[in-house]
*Asks:* 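Got a structure for you, questions after.
In listed order, ligands and their atoms are each counted from 1. What you see is a predicted model; the values in this text were computed from it and never measured. Along the sequence shown, the residues carry numbers beginning at 1.
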Amino acid sequence: MTDVKTVHVIGAGPAGLMAAERLARAGLKVVVHEAMPSVGRKLLMAGRGGLNLTHSEPMEGFVGRYGAAGGAVAAWLETFSPTHLIGWAEGLGQATFTGSSGRVFPRAMKASPLLRAWLARLAGLEVEVRTRSRCSGFRRNDDRLEWLFTTPEGERVERPDAVLLAMGGASWPRLGSDGAWAEMLEGVAVAPFRPSNVGFDVAWSAVFAQRFAGQALKPVAMTHEGQTVRGEAMLTRYGIEGGAVYALSAGLRDAIERDGTAVLTVDLRPDLSVEALAGRLTKARGKDSVTNWLRKAGGLAAPAVGLLREIPGELPPGADKLAKRIKAVRLTLTGVQGLARAISSAGGVRLDQLDEGLMIKSLPGVFAAGEMLDWEAPTGGYLLQASMASGAVAADGVVEWLNSPPSPPSSSGLTRG
Ligand SMILES: Cc1cc2nc3c(=O)[nH]c(=O)nc-3n(C[C@H](O)[C@H](O)[C@H](O)COP(=O)(O)OP(=O)(O)OC[C@H]3O[C@@H](n4cnc5c(N)ncnc54)[C@H](O)[C@@H]3O)c2cc1C
């Protein structure tokens with residue numbers, strides 16, 4: 001009888017749980033450690049927004065969303081594509097639908113039924129889940145790594161055959177993924193965490209912030225450095241956030257880090273050409289206030305008029321110039337909101353530290369997946385897709401590594417026992 005090998009997965013988010021499922025199906029003994037008292041807290045939070053699981057756009061555009069990491073993510077999607085993800089969710093009893101924007105959601109529009117069914121499946125596969133088990137690091141003992149866990153019963157030491165790290169990024173730390181793991185991976189290059197899919201500061205007047213915070217700008221088209229995104233944005237006391245802003249947030253964040261400020265150009269009437277809008281604005285104002293006239297003739301909602309009037313300088317005279325202004329309001333962003341409120345984070349284990357199976361090259365037998373790797377993407381389902389796909393790839397990497405002939409004892413990582 002051959003010994004069943006044991007793999008410990010650290011972090012019970014979507015990446016870790018996907019890895020655990022795949023490892024258990026491959027016949028391995030799987031233990032999942034989760035620092036928090038319950039699993040999948042960020043997944044459940046994502047469910048509050050409807051749980052955008054993935055996106056239906058063609059693969060070329062899809063992988064383009066991951067910027068510099070697109071090549072690596074394309075390989076992960078060969079193992080676990082959007083079609084696989086949809087089939088997997090449906091296999092857990094969660095029928096899905098594709099919204100008009102191409103985003104894919106479970107019909108339930110929340111994560112809890114999916115997570116419940118998933119945990120039941122993992123229990124059926126005899127995956128052991130240990131909550132309140134926080135990995136505090138590892139140490140070398142002879143030619144093996146020993147992994148240390150802080151638990152309510154005290155410190156535990158584990159010597160598994162392989163380890164799969166899925167401890168998440170560094171956004172919304174109160175949900176468990178606080179990025180503290182970066183300290184424990186000595187010798188592994190980790191790109192600094194930066195907020196991604198995040199709001200930006202704007203120096204609103206007190207009157208504007210009081211009147212319009214919490215109101216949406218929709219539909220709008222937003223442009224930064226030649227990239228235009230249509231969608232919605234939310235005005236907040238500190239500035240601006242929401243889908244269209246998040247889609248541009250990586251470039252805006254980089255520009256603010258570089259230059260101190262960034263200019264976001266907002267088209268408040270994206271469905272009309274300048275000429276068509278100017279034609280409407282030739283309508284006489286009569287007894288209407290400017291605000292009312294802009295609402296009626298320009299078809300602008302109150303927050304859009306407010307924004308137009310908030311920008312320094314008088315409204316330009318003449319329908320043509322005014323139409324051009326409405327279609328290109330220049331908003332100066334003065335700062336980036338922090339990691340605590342960012343939907344995701346950029347940074348993490350640099351992809352050049354990993355082999356194709358997502359094993360950390362300097363730590364044989366130690367694999368990593370999910371948002372703890374150095375990639376970023378806009379909202380739209382791209383985050384869960386890449387997290388789960390990388391979890392699947394890392395699990396396959398573990399299986400392959402455990403099945404490959406043993407190499408001479410390593411001085412740095414795990415040896416195969
Ligand atoms: C408000 C919000 C809404 C979102 N909506 C969407 C959406 O609709 N669609 C989408 O695609 N994405 C969305 N996301 C992003 C998505 O949830 C994440 O990208 C995804 O959860 C990352 O998965 P992960 O498994 O890599 O990490 P996480 O889900 O962060 O899981 C990591 C786990 O590791 C645990 N952990 C950390 N350190 C340790 C340790 N030392 N020992 C043991 N355990 C540890 C953490 O407690 C955590 O449970 C949203 C995020 C937020 C915050």
*Asks:* Looking at ligand 1, would S344 count as a contact under a 4.0 Å heavy-atom criterion?
*Replies:* no
*Asks:* Is there a heavy atom in G381 that sits closer than 4.0 Å to ligand 1?
*Replies:*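 Under 4.0 Å: yes for G381.
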*Asks:* Give the ring-plane orientation class for F80 versus H84, where under 30° counts as parallel, over 60° as perpendicular and anything between as tilted.
*Replies:*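 F80 and H84: parallel rings.
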*Asks:* Atom 17 (O) of ligand 1: which protein heavy atom is closest, and how many Å away?
*Replies:*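 Minimum-distance protein heavy atom for atom 17 (O) of ligand 1 reads K42 CG, 3.7 Å.
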*Asks:* Which is it for T379 and N197 under the side chain to side chain donor-acceptor pair (under 3.5 Å) test, yes or no, and what are the steps along the way?
*Replies:* CA-CA 7 Å; T379 55; N197 294 303; 4.5 Å; no
*Asks:* Which ligand 1 atoms, with their elements, are less than 4.0 angstrom from a heavy-atom of G176?
*Replies:* 37 (C), 46 (C), 47 (O)
*Asks:* Mind checking side-chain contact (heavy atoms from CB on, under 4.5 Å) for A170 and listing every partner two or more places apart, or none if nothing turns up?
*Replies:* F193, L339, S345
*Asks:* Which of the atoms in ligand 1, numbered in the order shown and given with their element, are less than 4.0 Å from a heavy-atom of G13?
*Replies:* 25 (O), 29 (O), 31 (O), 33 (C)
*Asks:* Can a donor-acceptor pair be found, under 3.5 Å and without considering hydrogens, that links the side chain of W76 to the backbone of A392?
*Replies:*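 No: the side chain of W76 does not pair with the backbone of A392.
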*Asks:* Please report the interatomic distance OG1(T96) to CD1(I86), rounded to the nearest 0.5 Å.
*Replies:* 5.0 Å
*Asks:* Begin with the C-alpha distance, continue with both residues' side-chain angles, and end with the deciding distance and a verdict on side chain to side chain donor-acceptor pair (under 3.5 Å) for Q385 and Y66.
*Replies:* CA-CA 11 Å; Q385 177 71 57; Y66 299 89; over 6 Å; no
*Asks:* Please report the C-alpha distance between L264 and F200 in whole Å, then the side-chain angles of each, then the deciding distance to 0.1 Å, and finally whether the side chain to side chain contact (heavy atoms under 4.5 Å, CB included) criterion is met.
*Replies:* CA-CA 10 Å; L264 179 64; F200 293 88; over 6 Å; no
*Asks:* Please compare V9, L17, N52 and report which has the shortest non-hydrogen distance to atom 8 (O) of ligand 1.
*Replies:*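 Minimum heavy-atom distance to atom 8 (O) of ligand 1 goes to N52.
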*Asks:* Going by the angle between their ring planes, with limits at 30° and 60°, are F62 and H55 parallel, tilted or perpendicular?
*Replies:*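 The rings of F62 and H55 stand perpendicular, inter-plane angle above 60°.
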*Asks:* Are any of the side-chain nitrogens in E128 or K29 under 4.0 Å away from the carboxylate oxygens of its partner?
*Replies:*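 A salt bridge links E128 with K29.
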*Asks:* Considering non-hydrogen atoms of the protein only, which is the closest contact for atom 4 (C) of ligand 1, and what is the distance?
*Replies:* A46 CB, 3.4 Å
*Asks:* Has ligand 1 got any nitrogen or oxygen that is less than 3.5 angstrom from a nitrogen or oxygen of P14?
*Replies:* yes
*Asks:* Hey, does the side chain of D161 reach the backbone of T6 with a donor-acceptor pair shorter than 3.5 angstrom?
*Replies:* yes
*Asks:* How far is atom 40 (C) of ligand 1 from the closest protein heavy atom, and which atom is that?
*Replies:*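 The protein heavy atom lying closest is M167 SD, 3.6 Å.
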*Asks:* In terms of residue, atom name and distance, what is the protein heavy atom nearest to atom 42 (N) of ligand 1?
*Replies:*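 Answer for atom 42 (N) of ligand 1: C135 N, 2.9 Å.
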*Asks:* What do you reckon, does D178 have a nitrogen or oxygen under 3.5 Å from a nitrogen or oxygen of ligand 1?
*Replies:*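 No: no nitrogen or oxygen of D178 is under 3.5 Å from one in ligand 1.
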*Asks:* Run the salt-bridge test on E376 and R253 with the 4.0 Å N-O cut-off and return the result as yes or no.
*Replies:*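 A salt bridge links E376 with R253.
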*Asks:* Quick one: nearest non-hydrogen protein atom to atom 35 (C) of ligand 1, plus distance?
*Replies:* E34 OE1, 3.4 Å
*Asks:* Can you list the ligand 1 atoms lying under 4.0 Å from a non-hydrogen atom of M36?
*Replies:* 47 (O)
*Asks:* Please report the interatomic distance CE(M359) to CD(E400), rounded to the nearest 0.5 Å.
*Replies:* 10.0 Å
*Asks:* Using heavy-atom distances, let me know which of A166, A369, A368 sits nearest atom 32 (C) of ligand 1.
*Replies:*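 That would be A166.
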*Asks:* Which ligand 1 atoms are under 4.0 Å away from a heavy-atom of A15?
*Replies:* 25 (O), 26 (O)
*Asks:* Given that the side chain starts at C-beta and the backbone is N, CA, C, O, which of these parts of I10 lies under 4.0 Å from ligand 1, counting heavy atoms, or is it both or neither?
*Replies:*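 The answer is the side chain of I10.
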*Asks:* Are R130 and E153 ion-paired here, with the side-chain N under 4.0 Å from a carboxylate O?
*Replies:* no
*Asks:* Counting only heavy atoms, which portion of A180 has something under 4.0 Å from ligand 1: side chain, backbone, both, or neither?
*Replies:*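 No part of A180 comes within reach of ligand 1.
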*Asks:* Hey, which atoms in ligand 1 end up nearer than 4.0 Å to a heavy atom of I343?
*Replies:*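 Those atoms are 4 (C), 14 (N), 50 (C), 51 (C), 52 (C), 53 (C).
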*Asks:* Between R341 and E241 (salt bridge meaning N to carboxylate O under 4.0 Å), is one present in this structure?
*Replies:* no
*Asks:* Strictly under 4.0 Å, does any heavy atom of R134 approach an atom of ligand 1?
*Replies:* yes
*Asks:* Tell me: protein heavy atom nearest atom 27 (O) of ligand 1, and distance?
*Replies:* G168 CA, 3.3 Å
*Asks:* Regarding ligand 1, does L384 bring an N or O atom to under 3.5 Å of one of the ligand's N or O atoms?
*Replies:* yes
*Asks:* Should G49 be listed as contacting ligand 1, given a heavy-atom distance under 4.0 Å as the test?
*Replies:* no
*Asks:* Go through ligand 1 atom by atom and flag the ones less than 4.0 Å from a non-hydrogen atom of G370.
*Replies:*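 Result: 26 (O).
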*Asks:* Has S133 got any heavy atom lying under 4.0 angstrom from an atom of ligand 1?
*Replies:* yes
*Asks:* Compute the minimum heavy-atom distance from W172 to ligand 1 and say whether it is under 4.0 Å.
*Replies:*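 The answer is yes: ligand 1 sits under 4.0 Å from a heavy atom of W172.
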*Asks:* Among all protein non-hydrogen atoms, which one is nearest to atom 45 (C) of ligand 1, and what is the separation to 0.1 Å?
*Replies:*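 The protein heavy atom lying closest is A35 CB, 3.8 Å.
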*Asks:* If you round to the nearest 0.5 Å, how far is CG of L358 from CG of D396?
*Replies:*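 The distance works out to 10.0 Å.
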*Asks:* How many angstroms lie between atom CZ of R22 and atom OG1 of T79, to the nearest 0.5 angstrom?
*Replies:*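 Going from the CZ atom of R22 to the OG1 atom of T79 covers 6.5 Å.
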*Asks:* In terms of residue, atom name and distance, what is the protein heavy atom nearest to atom 19 (O) of ligand 1?
*Replies:* E371 OE1, 2.5 Å
